[in-house]
J.: 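Quick one: the structure is below, and I'll ask about it shortly.
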2 protein chains.
Amino acid sequence: MIHMSDELSERQQKILKLIVQEYVQTGRAVGSKALIDRYKLGVSPATVRNDMGILEDQAFLQHPHTSAGRVPTDSGYRYYVENLLGNPRVPMSEQIRIRHQFSQVEMQVAASMKLAAAVLAEASGNIALISPPRSIQETVRHFELISLRDHLILLILVTQSGTVHESFLHIDDPVDQETLSATSRQLNDEIRDMRHTEIQLQASRHESFSALVLEQIAALMQRTEQESTAELHSEGLERALRQPEFSHGGVAQQLLEVLRGGALLSVLLPQVRQKDDLRIFIGSENVSDELQSYGVIIARYGATNEVTGLLGILGPTRMPYDRSISTVRYVSHLLSDLLRQVHADEPEQ
Amino acid sequence: MIHMSDELSERQQKILKLIVQEYVQTGRAVGSKALIDRYKLGVSPATVRNDMGILEDQAFLQHPHTSAGRVPTDSGYRYYVENLLGNPRVPMSEQIRIRHQFSQVEMQVAASMKLAAAVLAEASGNIALISPPRSIQETVRHFELISLRDHLILLILVTQSGTVHESFLHIDDPVDQETLSATSRQLNDEIRDMRHTEIQLQASRHESFSALVLEQIAALMQRTEQESTAELHSEGLERALRQPEFSHGGVAQQLLEVLRGGALLSVLLPQVRQKDDLRIFIGSENVSDELQSYGVIIARYGATNEVTGLLGILGPTRMPYDRSISTVRYVSHLLSDLLRQVHADEPEQ
DNA sequence: GTTAGCACTCTCGCATGATGAGTGCTAATC
DNA sequence: GATTAGCACTCATCATGCGAGAGTGCTAAC
């Protein structure tokens, strides 16, 4: 079989795969000798060296310095993920364990999300990312007005995605609970399934108190809509910091800034548009500088294409892609199933 | 004036104060020469050295090694905080800036808490701690039942402290919104101001659906009561990690574990019992080993003695106590004022 | 195409030595 | 009696140098 200059022989692929795995595990550059010692390849170190040289020419490997072993480049990881990984699955025993944990929290969305994050962090040893399921264009499902004090009302709003929002409403003239209930009953019918822009419009058709309430609702929805695109929780920082990559001073701080900072939100996440889409970003493939030395795996989950959230894993480029990918995919499906039970009016086909 | 062996002369106090301030600022051990260079004391280095020696005998200072400058001990900080600090106040310009920020978020408790944390972190350069205002024994103020789907109901509960809780309720036989509203109207009157134990009791007096609802409410309250004692948010980690104390590898991780771990919650916080109580824990004064190298300033804020929360600052023992203490005190009063507007039925005398 | 052999490179860890900040002590001074 | 000048001494820090070890690349043989 003749090898094109940009095709890898079977053995070269195998060597690349082993180097990636070995390096991910140990964190040290992999030498030809070490590779032979740990896996019987049936060939001599010299042969491996030759292949390594070729892999280096193809930019899949690199030297930290002249006399160290090889380390995968970002393209090396990319090749590994795309061609050498197959379709990794979560081991059955793991699946059962995870499903069992999820069955404990049942229908509580908040608790499920926490659990999902914990599972992701646990499985990868890295940082789990998760954003709550939100609709792109939230509409009103229901709201309530509760009198707290003479001049203070609590507004509770439930939106289409089942999220509960709250806000205090300050009024000049006292209104009793009866009137509040009557008002809310009437207005609820009026604005059900409306977007915040429509409610804003509707507010102008009312006067005094009703108008105030509607405006508050519109404002609340708008505010949370803006915030929801910026909501990204993370989990597993402590454990992740135990890794040698991160244990060096200053890196921890940088990592926190990445998490808090906008690069993830503004650059990476918008690329994951559809439900069940799973994307992998490795090191320099990230446009953003901050993320140069990280690998990110992100999937979009949700009951429908309307109400969705994101979840994934962030770690050093040197991360266990196989386990991470399979776990992200599995947990994302679990969460989707769960949401379907809570949100969808009818099960998906 | 005769000096008792355990009393400090005026000059010794001044030297101690300067050493603490200088060390807090620079982070490097302070030598006699350096002290003279930066502040004109009107005496020679040798004199300062003698006084330093005495301060060291009294265990207010210590040598890292034979030939380095002096560093305050934990008792040194303690003496500084108690005797040399006076009653530090937030500068007027700061006060105005902070008050202005608070006026922006107005009555939104959640936003105010975030802001409070941000202000604390900003002022101290360290980590802000804050726990939401909760009542020791929450009672029911109001609840609502909202039908989401045939077999799924959203339960929204408002407790005495004004906190909103939510929970999904799964039922076998569909109930329409009309019935839900009727049920909730009736039950609301029944259980207003009750504790979860009383509600549990009340549940047994009802049958089927009503009983289910009451039980769910009781369970929800109990759950959140347990959680509320374990709720402690932190803010400003990134900035804090920029400090030399923390930039060394591994410390970041340890710090995260302190925050997540229970030492703070279970050991320190319970000691701050009353509203407006402000406590300072310095290094080894903390019983817990994890906190050996940290200083913690905590105050309890609240509208009344019933509904209270905690807020404070955690940093290395080497922290700016003056600014930290004054800011904690100031912000705590601001939050108390705010809560008084929201919660208290009548203003405090 | 594969392998053995070998010179070469470069990091890492360790000992060495110079530097300099800071001390503690003693004796002189105010 | 308190303060100060002078001086020998201590010890962390930093740069330098050196040996060991891991790993490579090349060439020539298989």
Side-chain angles (χ1 to χ4, degrees), chain A residues 1-5 7-16 18-19 22-23 26-58 60-73 244 247-249, chain B residues 1-5 7-16 18-19 22-23 26-58 60-73 244 247-249:
Chain A
M1 180 219 243
I2 293 162
H3 293 130
M4 310 285 294
S5 72
E7 291 233 347
L8 298 183
S9 76
E10 201 121 324
R11 193 181 58 216
Q12 285 159 2
Q13 292 197 356
K14 185 167 184 181
I15 288 174
L16 176 55
L18 287 178
I19 289 179
E22 183 74 9
Y23 178 63
T26 65
R28 285 197 300 262
V30 185
S32 54
K33 181 92 184 322
L35 212 56
I36 298 283
D37 287 351
R38 291 198 42 146
Y39 312 90
K40 23 189 171 324
L41 287 171
V43 290
S44 80
T47 309
V48 173
R49 275 206 292 282
N50 286 335
D51 278 345
M52 280 175 161
I54 294 170
L55 286 167
E56 190 171 352
D57 289 343
Q58 310 254 17
F60 292 135
L61 294 181
Q62 91 197 82
H63 275 217
H65 46 266
T66 325
S67 151
R70 300 314 212 283
V71 165
T73 62
S247 72
H248 205 51
Chain B
M1 178 217 246
I2 293 161
H3 294 130
M4 309 286 295
S5 72
E7 291 234 345
L8 299 183
S9 76
E10 202 121 324
R11 193 181 57 217
Q12 284 158 2
Q13 293 196 356
K14 186 167 183 182
I15 288 174
L16 176 54
L18 288 178
I19 290 179
E22 183 74 9
Y23 179 64
T26 65
R28 283 197 300 264
V30 185
S32 55
K33 181 94 184 323
L35 212 56
I36 298 284
D37 287 351
R38 289 198 45 146
Y39 311 89
K40 21 190 172 327
L41 287 171
V43 289
S44 79
T47 309
V48 174
R49 275 206 292 282
N50 286 335
D51 279 344
M52 281 174 160
I54 294 169
L55 286 168
E56 191 172 351
D57 290 343
Q58 309 254 16
F60 292 134
L61 295 181
Q62 91 197 86
H63 277 216
H65 45 266
T66 323
S67 151
R70 301 313 212 284
V71 164
T73 61
S247 71
H248 205 50

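Values reported hereafter were calculated over all heavy atoms of this structure, with side chains retained and with hydrogens, waters and symmetry mates removed. The chains referred to below are lettered A, B, ... by the order of the sequence lines, with proteins before strands, and numbering in each begins at 1.
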J.: How bent is the helix from C:dG1-D:dC30 to C:dC30-D:dG1, comparing axes over its five end pairs at each side, to the nearest 10°?
T.: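 Rounded to the nearest 10 degrees, the bend comes out at 30°.
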
J.: Between B:Pro45 and B:Thr66, name the one whose nearest nucleotide on DNA chain D is closer to the 5' end.
T.: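 Upstream on the strand: B:Pro45.
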
J.: Could you tell me whether B:Arg28 contacts a base, only the sugar-phosphate backbone, or nothing, with contacts defined as non-hydrogen atoms closer than 4.0 Å?
T.: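 Counting heavy atoms under 4.0 Å across all strands, no contact is made by B:Arg28.
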
J.: How long is the gap from CZ on A:Arg49 to OG on A:Ser44, to the nearest 0.5 Å?
T.: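 These two atoms lie 7.5 Å from each other.
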
J.: What is the distance from CE of B:Met52 to P of C:dA21, rounded to the nearest Å?
T.: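 From B:Met52 CE to C:dA21 P: 16 Å.
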
J.: Yes or no on side-chain contact (heavy atoms from CB on, under 4.5 Å) for A:Arg70 and A:Gln62, after CA distance, side-chain angles and deciding distance?
T.: CA-CA 6 Å; A:Arg70 300 314 212 283; A:Gln62 91 197 82; over 6 Å; no

J.: Without decimals, in angstroms, what is the distance between A:Leu55 CG and D:dG25 P?
T.: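 Taking atom P of D:dG25 as the reference, CG of A:Leu55 is at 12 Å.
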
J.: Toward the 5' end of DNA chain C, which comes first, B:Ala68 or B:Ala46, by nearest nucleotide?
T.: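 It is B:Ala68 whose nearest nucleotide is closer to the 5' end.
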
J.: Could you tabulate the donor-acceptor pairs under 3.5 Å formed by side-chain atoms of residues 33-41 of chain B, not counting sequence neighbours?
T.:
residue : atom : partner : partner atom : Å
B:Arg38 : NE   : B:Glu22 : OE1          : 3.4
B:Arg38 : NE   : B:Glu22 : OE2          : 3.4
B:Tyr39 : OH   : B:Glu22 : OE1          : 2.8

J.: Whole-Å distance between D:dC26 P and A:Ile54 CD1?
T.: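 A:Ile54 atom CD1 is separated from D:dC26 atom P by 13 Å.
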
J.: Quick one: B:Arg70 CZ to C:dT23 C1', roughly how many Å, whole number?
T.: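 Atom CZ in B:Arg70 sits about 7 Å away from atom C1' in C:dT23.
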
J.: Between A:Ala29 and A:Pro64, which heavy-atom pair has the shortest distance, and what is it?
T.: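 The answer is CB-CG, 4.4 Å.
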
J.: From the list C:dT11, C:dT23, D:dT24, which nucleotide is the closest neighbour of the side chain of A:His63?
T.: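 Looking only at heavy atoms from C-beta outward on A:His63, the closest nucleotide is D:dT24.
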
J.: Counting distance alone, no hydrogens or angles: does the base of C:dA21 have a donor or acceptor under 3.5 Å from a partner atom on the side chain of B:Ser67?
T.: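 Present.
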
J.: Which residues in residues 32-44 of chain B have at least one heavy atom lying under 4.0 Å from any atom of DNA chain C?
T.: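 Hits under 4.0 Å, by residue number: B:Ser32.
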
J.: If I compare all heavy atoms of A:Met52 with all of A:Val30, which pair ends up nearest, and what's the gap?
T.: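 The answer is CE-O, 3.8 Å.
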
J.: Please determine, for the side chain of B:His65, which listed nucleotide (D:dT3, C:dT2, D:dA12) has the closest atom?
T.: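 So the side chain of B:His65 is nearest to D:dA12.
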
J.: Once rounded to the nearest 0.5 Å, what's the spacing between atom CG of B:Asp51 and atom CD of B:Gln13?
T.: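 Answer for the CG-CD pair, B:Asp51 versus B:Gln13, is 11.0 Å.
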
J.: Taking atom P of D:dG23 as reference, at what distance in whole Å does atom CD of A:Glu22 sit?
T.: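 Between P of D:dG23 and CD of A:Glu22: 11 Å.
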
J.: Find the distance A:Asp51:CG to D:dG23:P and express it as a whole number of Å.
T.: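 Rounded to the whole Å, the gap is 18 Å.
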
J.: For the pair A:Phe60 and A:Ile19, evaluate side-chain contact (heavy atoms from CB on, under 4.5 Å) and give the outcome as yes or no after the intermediate values.
T.: CA-CA 11 Å; A:Phe60 292 135; A:Ile19 289 179; over 6 Å; no

J.: With a 6.0 Å cut-off (strictly less than), is the heavy-atom count around CZ of A:Arg11, excluding the residue itself, greater than 12?
T.: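 Atom CZ in A:Arg11 is crowded, with more than 12 foreign heavy atoms closer than 6.0 Å.
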
J.: Measure the spacing between CD1 of A:Ile54 and CG of A:Leu16 and express it to the nearest 0.5 Å.
T.: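 Reported to 0.5 Å precision, the distance equals 12.5 Å.
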
J.: Can you check the A:Arg49 CZ to C:dA7 P distance for me, whole Å?
T.: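 These atoms are roughly 15 Å apart.
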
J.: Reckon A:Arg11 has a side-chain N or O less than 4.0 Å from the OP1 or OP2 of C:dT2?
T.: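 For C:dT2, OP1/OP2 do have a side-chain N/O of A:Arg11 under 4.0 Å.
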
J.: Can you check the A:Asn50 CG to D:dC26 P distance for me, whole Å?
T.: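 For the pair A:Asn50 CG and D:dC26 P, the rounded distance is 10 Å.
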
J.: Determine the minimum heavy-atom distance between A:Leu61 and A:Pro72, stating which atoms define it.
T.: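 For A:Leu61 and A:Pro72, the tightest heavy-atom pair comes out as CD2-CA, 3.8 Å.
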
